[in-house]
Amino acid sequence: KPDDEVRKGEKIEDDKGFYDRDMLQYEVQFGDDIEMTDALEKLIFKLYPFRGYISEIASEYDIKLSVFIDSFSHEIFFTLPKNITKELKEFNIDFEIMLYSPR
């Protein structure tokens, strides 16, 4: 079950814009105690049972796995291990990473 759902046209919190697509949001935390790759593995573990369905509907809809990272240090580095890239490939969707840092 997703942590949150967003529908196209809903107002973006703390922003003047609106969402341009429907989204299901799953949250995993990382930081001092949790490595980024461990957090990604937890996220993939949540979604992995649905990979066949996700892959199937991806042929009709624009589906992607988007990872949003708040980087308070302004520097971030991580490697996607082979097991993660192999599992992501099974979803047959695009994978994007967006880094945000405070201004």
_With a 3.5 Å distance limit and no angle check, can you tell me whether Ser55 reaches the backbone of Gly52 through a side-chain donor-acceptor pair?_
no
_Lys8 atom NZ: more than 12 heavy-atom contacts under 6.0 Å_ = no
Can you give each donor-acceptor pair under 3.5 Å made by side-chain atoms of residues 85-99, sequence neighbours left out, with the distance rounded to 0.1 Å?
unit_1 : atom_1 : unit_2 : atom_2 : d
Thr85  : OG1    : Lys82  : O      : 3.0
Glu90  : OE1    : Tyr48  : OH     : 2.7
Glu90  : OE1    : Arg51  : NE     : 3.0
Glu90  : OE2    : Tyr48  : OH     : 2.9
Glu96  : OE2    : Ser66  : OG     : 2.6

*According to a 4.5 Å side-chain heavy-atom criterion applied to Ile, Leu, Val, Met, Phe, Trp and Tyr, with indirect links allowed, do Leu47 and Val67 form part of one hydrophobic cluster?*
yes
_My understanding is that only residues two or more places apart in sequence, or in another chain, count here; which of them pass side chain to side chain contact (heavy atoms under 4.5 Å, CB included) with Asp3?_
Tyr26, Glu27, Lys46
_Value rounded to 0.5 Å, distance of CD in Glu56 from OH in Tyr61_ = 11.0 Å
*With Tyr53, which residues qualify under side chain to side chain contact (heavy atoms under 4.5 Å, CB included), at least two apart?*
Ile57
Using atom types as modelled, flag every donor-acceptor pair under 3.5 Å from a side chain in residues 36-44 to any protein atom, sequence neighbours excluded.
unit_1 : atom_1 : unit_2 : atom_2 : d
Glu41  : OE2    : Asn83  : ND2    : 3.0

*By salt bridge (Lys or Arg N to Asp or Glu O under 4.0 Å), which residues pair with Glu10, not counting sequence neighbours?*
none
*For the residue pair Glu5 and Leu24, what are the closest heavy atoms and their distance?*
CG-CD2, 3.5 Å
*Could you list the residues that satisfy salt bridge (Lys or Arg N to Asp or Glu O under 4.0 Å) with Asp20, not counting sequence neighbours?*
none
_Joint hydrophobic cluster, Ile12 plus Val6, side-chain heavy atoms closer than 4.5 Å_ = yes
